[in-house]
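Let me begin by presenting the structure, written as structure tokens, before commenting on it.
As the structure is a computational prediction, the values presented were derived from the model and not from experiment. Atoms within a ligand are numbered from 1 in the order they appear, just like the ligands themselves.
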Amino acid sequence: MARKIVVIEDEPDILEVLTFNLQREGYEVTGATDGADGLDTLRRVQPDLVLLDLMLPTMDGIEVCRNAKADPALKDTPIIVVSAKGEESDIVLGLGVGADDYITKPFSPKELIARVQAVLRRGPMRSTQSETRRVVRGELTIDLDRHEVLVAGARVDLTATEMRLLHYLSCYPGRVFTRDQLLSRAIGPDVVVTDRNIDVHVRALRKKLDTLSNYIETVRGVGYRFRDTD
Ligand code: CA
């Protein structure tokens, strides 16, 4: 059965291009051209994935995302925010209200399809469900129970904060997190951290990861993600 995608986009040209390319890949596409109608369409169609423009008439994309994530029937439906270049603060906002990923305009059809497939493969973000105590990614091994991190077989010493940060990111390869999300989810509000600046911890972590430092990628203006090795 074809996977269903709802595209919420008010610019007819872009909606057409998105629809065309997704249909060509075998997806069943339903379009909506404003936010309120988009939300209704989501509730009616119950799609496998949503492509959501942010600047929309009647209800903006952030509000649509917030509403969808508050709806038990839609909360696990992955949302990819579609944003214009240079609107990183909107992307951060979108990720903050539960969007799973984003793509910036202009994008190539190839990029679009790759992103859609990646998000469908990863599935919705469910807290802790995909977090295992021992994570192996390429040449990196993280073992929480043994409080051990191995870089190409060699043990490296991490602080508790670095360990939590690395473990969290590595559990969700390819998924971008904002700094706020990392602070609250990876490090936790209850933990006393001497420096609540994520960048400082990432810098220290990369140094210790040495040859694997590129496993943690900076997403300019947005946050960080663990390299998707697929
Ligand atoms: Ca728009």
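Of the charged side-chain nitrogens involved, none lies within less than 4.0 Å of a carboxylate oxygen, so that D100 and R122 do not count as a salt-bridged pair. The pair R225-E217 meets the salt-bridge criterion, with a side-chain N (NZ, NE, NH1 or NH2) lying under 4.0 Å from an Asp/Glu carboxylate O. Using a 4.0 Å cut-off between charged nitrogen and carboxylate oxygen, K208 and D157 do not count as a salt-bridge pair.
Distances under 3.0 Å from the Ca ion (ligand 1) pick out the protein N/O/S atoms D10 OD1, D53 OD2, M55 O.
Scanning for salt bridge (charged side-chain N to carboxylate O under 4.0 Å, His left out) contacts around D71 gives R43, with sequence neighbours left out.
The environment of CE in M59 is crowded: more than 12 heavy-atom neighbours from other residues, nucleotides or ligands sit within 6.0 Å.
Between Y215 and F226, the ring centre distance stays below 6.0 Å.
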